[in-house]
Amino acid sequence: MLQLKTIRDEKQRILSGLRKRNWTSQQLKVVDNILLLDENRRSGQKLLDDFLAEQNRLSKQIGQMMAQGKKEEAEALKAQVSQLKEKSKAQEDVQRTTEGSLETLLYSVPNCPHKTVPKGKTPEENKVAKDWTKPFPTLPEDALAHWDLAKKYNLFDLELGVKLTGAGFPVYRGKGARLQRALIQFFLDEAVKAGFEEIAPPLLVNEDSARGTGQLPDKEGQMYHCTVDNLYLIPTAEVPVTNIVRDEILAEKDLPMKMTAYTPCFRREAGAWGAHVRGLNRVHQFDKVEIVVIDHPEQSYKTHQSMVRHVEKLMVKLALPYRILLLCGGDMGFASAKTYDFEVWSAAQKRWLEVSSVSNFETFQTNRLKTRFRDANGQIQMAHSLNGSAMALARIVAALLENNQTAEGINIPKALWKYTGFKTI
RNA sequence: GGAGGAAUGGGUGAGUGGCUGAAACCACCGGUUUGCUAAACCGACGUACGGGUAACCCUGUACCGCGGGUUCGAAUCCCGCUUCCUCCGCCA
């Protein structure tokens with residue numbers, strides 16, 4: 001959620017940012033509506049506060065009169081207060097309505113893209129920030145896609161997952177299961193080495209947390225919901241980890257707060273099925289190591305770059321062909337101000353697979369979360385939040401298997417040997 | 001799951017209807033003193049949304065787990081919920 005104050009003070013910047021997201025002039029009117037409602041809210045607040053102030057004043061007087069035994073005068077005042085009370089109750093309702101509509105409108109506005117975000121409407125217009133210049137791995141004629149490799153080497157079983165749960169819940173077996181565990185361990189170790197605190201969060205969150213990071217109310221259908229207890233299965237570790245700082249005022253010296261967490265992620269992906277979703281490309285449950293940073297506004301873009309470099313290092317260590325995209329305004333997530341996507345070349349499928357997304361949300365999340373910090377002058381400011389996958393397992397596994405297949409078996413990248421305990425599959 | 005108790009500011013904890021946004025102590029911050037540290041003393045010390053102003057500052061309102069209610073007036077009384085603690089039961 002954008003800060004009201006930002007919309008008030010920097011209307012033009014917000015408008016041009018929204019245009020970058022291809023908002024029509026019709027859509028842009030919402031900004032003026034917000035400002036108008038804000039005016040109403042403020043004047044209504046004043047009105048209400050004045051009523052209440054008068055009530056408080058009179059009530060105190062009544063107390064004094066009672067103490068002095070002036071009972072009749074007190075009774076007269078009581079009647080006056082009762083009248084005021086009706087007025088303030090009515091005004092309270094008006095105010096509640098205004099604030100409600102204002103909030104609804106605010107929720108509907110996406111984050112304002114950073115000035116370095118390119119214009120564009122479709123994924124084709126994303127800017128390649130770093131391309132893969134070396135040749136792609138050349139595979140044998142009879143190269144298999146990862147779902148066929150999985151069968152050949154007994155690495156994971158999707159049909160078995162259907163029996164146990166349903167489509168999109170793979171059962172990893174043998175070396176496939178071990179490879180999963182190795183990757184998790186590897187990613188976590190790398191993150192900890194890079195200074196991230198390891199967090200093992202709950203996998204179910206309450207409504208407040210889901211609201212805090214914006215899964216609610218917008219993406220309700222994306223999450224698995226345990227209605228009996230009103231808890232949600234996390235779609236990403238971002239949700240519990242970022243909510244650690246919900247309603248907190250941090251000290252400036254606590255920033256940056258760098259956290260990492262491995263969790264399974266659960267996504268209903270309702271309606272997202274179609275082509276390109278075979279094998280591990282899209283599943284309901286997958287493993288991911290996430291990195292989250294809460295940072296000083298002046299530092300967050302530097303941090304953003306360093307997170308990108310961190311993910312890049314993982315790619316290099318895993319010897320995977322990758323490219324980095326700077327997403328254009330039209331392809332960026334709702335909450336993000338700037339996003340880099342990492343894609344890995346899947347040699348057998350001959351296509352790029354998205355494996356990581358590193359975003360700076362600026363104050364969009366923290367505004368809703370109420371995550372602030374006290375700066376050097378003792379002023380309270382909104383902190384910035386950032387996160388990225390480092391990384392999402394299922395698709396990395398797909399690429400690893402496909403790219404490293406040989407007639408003799410599948411080669412495991414050297415960086416993983418100490419975790420897998422084997423060098424080939 | 002059953003029975004009882006509790007929830008107050010960063011922490012401990014007082015407060016059972018008006019003078020309480022909230023004592024006291026601790027922590028934190030600023031200052032005095034000091035060779036340095038420590039101690040002692042003095043002072044400041046919540047958040048949000050408004051108004052006077054653009055800022056310092058002044059001021060209004062709301063907030064004592066959450067939501068309702070009683071009352072002219074609620075941290076204080078009543079109802080519901082949540083969480084925590086103790087005991088019992090169950091259990092990885």
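Proteins get letters first, then strands, A, B, ... in listed order; numbering begins at 1 in each.
Using atom P as the reference point in both B:C45 and B:G21, the two lie 16 Å apart (nearest Å). Straight-line distance between the C1' atoms of B:U83 and B:A92: roughly 23 Å, to the nearest whole Å.
For residues 358-382 of chain A, no residue pair satisfies the salt bridge (charged side-chain N to carboxylate O under 4.0 Å, His left out) rule, not counting sequence neighbours. Pairs engaging residues 302-317 of chain A under the salt bridge (charged side-chain N to carboxylate O under 4.0 Å, His left out) rule: A:K130-A:E312, A:E190-A:K317 [sequence neighbours left out]. Sorted by first and then second residue, the pairs that involve residues 199-210 of chain A and meet salt bridge (charged side-chain N to carboxylate O under 4.0 Å, His left out), not counting sequence neighbours, are A:E207-A:R211.
Between the C1' atom of B:U47 and the CE atom of A:M382 lies a distance of 12 Å, rounded to the nearest Å. Note: CZ (A:F51) to P (B:A62) measures 14 Å, nearest angstrom. Per the geometry, CG belonging to A:D254 stands 15 Å off P belonging to B:G10, to the nearest Å. If you take NZ of A:K5 and C1' of B:C49, they are 14 Å apart, rounded to a whole angstrom.
Using a 4.0 Å cut-off between a side-chain N of Lys or Arg and a carboxylate O of Asp or Glu, A:K89 and A:D93 do not qualify as a salt bridge. A:D189 and A:K193 are not joined by a salt bridge, as no carboxylate oxygen comes within less than 4.0 angstrom of a charged side-chain nitrogen. Taking 4.0 Å as the cut-off between side-chain N and carboxylate O, A:E99 and A:R96 do not count as a salt-bridged pair.
A:R57 comes within 4.0 angstrom of no nucleic acid atom, judged by non-hydrogen atoms across all strands. In this structure, A:L48 reaches neither bases nor backbone, as no heavy-atom distance under 4.0 Å exists between it and the strands shown.
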- [ ] Go through the steps for A:H304 and A:Y340 under the test ring pair (Phe, Tyr, Trp, His ring centres under 6.0 Å), then give the verdict.
- [x] CA-CA 9 Å; A:H304 194 207; A:Y340 289 99; 5.3 Å; yes
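For A:Y107, the side-chain hydrogen bond (donor to acceptor under 3.5 Å, both in side chains) criterion is met by no residue, not counting sequence neighbours. Under the side chain to side chain contact (heavy atoms under 4.5 Å, CB included) criterion, A:T227 pairs with A:H225, not counting sequence neighbours.
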Task: Where protein sits on nucleotides 69-85 of chain B, one letter per nucleotide: B base, S sugar-phosphate only, - none, heavy atoms under 4.0 Å - done: ---BS------------
Output side-chain donor-acceptor pairs under 3.5 Å for residues 25-32 of chain A, partner residues at least two apart or in another chain, one line each.
{"unit_1": "A:Q26", "atom_1": "OE1", "unit_2": "A:K29", "atom_2": "NZ", "d": "3.4"}
{"unit_1": "A:Q27", "atom_1": "OE1", "unit_2": "A:T24", "atom_2": "N", "d": "2.9"}
{"unit_1": "A:Q27", "atom_1": "OE1", "unit_2": "A:T24", "atom_2": "OG1", "d": "3.4"}
{"unit_1": "A:D32", "atom_1": "OD1", "unit_2": "A:K11", "atom_2": "NZ", "d": "2.8"}

Extract all donor-acceptor atom pairs below 3.5 Å that involve side chains of residues 153-165 of chain A and protein atoms in other chains or at least two apart in sequence.
{"unit_1": "A:D157", "atom_1": "OD1", "unit_2": "A:E159", "atom_2": "N", "d": "3.0"}
{"unit_1": "A:D157", "atom_1": "OD1", "unit_2": "A:L160", "atom_2": "N", "d": "2.9"}

Please list every donor-acceptor pair under 3.5 Å in which a side-chain atom of residues 173-182 of chain A meets a protein atom from a residue at least two apart or in another chain.
{"unit_1": "A:K175", "atom_1": "NZ", "unit_2": "A:T424", "atom_2": "O", "d": "3.2"}
{"unit_1": "A:R178", "atom_1": "NE", "unit_2": "A:Y419", "atom_2": "O", "d": "3.2"}
{"unit_1": "A:R178", "atom_1": "NE", "unit_2": "A:T420", "atom_2": "O", "d": "3.3"}
{"unit_1": "A:R178", "atom_1": "NH2", "unit_2": "A:Y419", "atom_2": "O", "d": "3.2"}
{"unit_1": "A:R178", "atom_1": "NH2", "unit_2": "A:T420", "atom_2": "O", "d": "3.3"}
{"unit_1": "A:Q180", "atom_1": "NE2", "unit_2": "A:D287", "atom_2": "OD2", "d": "3.1"}

Pick out the pairs of N or O atoms, protein on one side and nucleotides 63-68 of chain B on the other, that lie under 3.5 Å.
none

Scan nucleotides 51-55 of chain B against the protein and return all N/O pairs shorter than 3.5 Å with their distances rounded to 0.1 Å.
none

Task: Watson-Crick and G-U pairing of RNA chain B, under 3.5 Å, as dot-bracket with | and [ ] - done: ((((((((.[[[..)..(.....]]]..((((.......))))..(((((((....))))))).[[[[[..)....]]]]])))))))....
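Proximity of A:I14 to A:L2: side-chain heavy atoms (C-beta onward) are separated by under 4.5 Å at one or more points.
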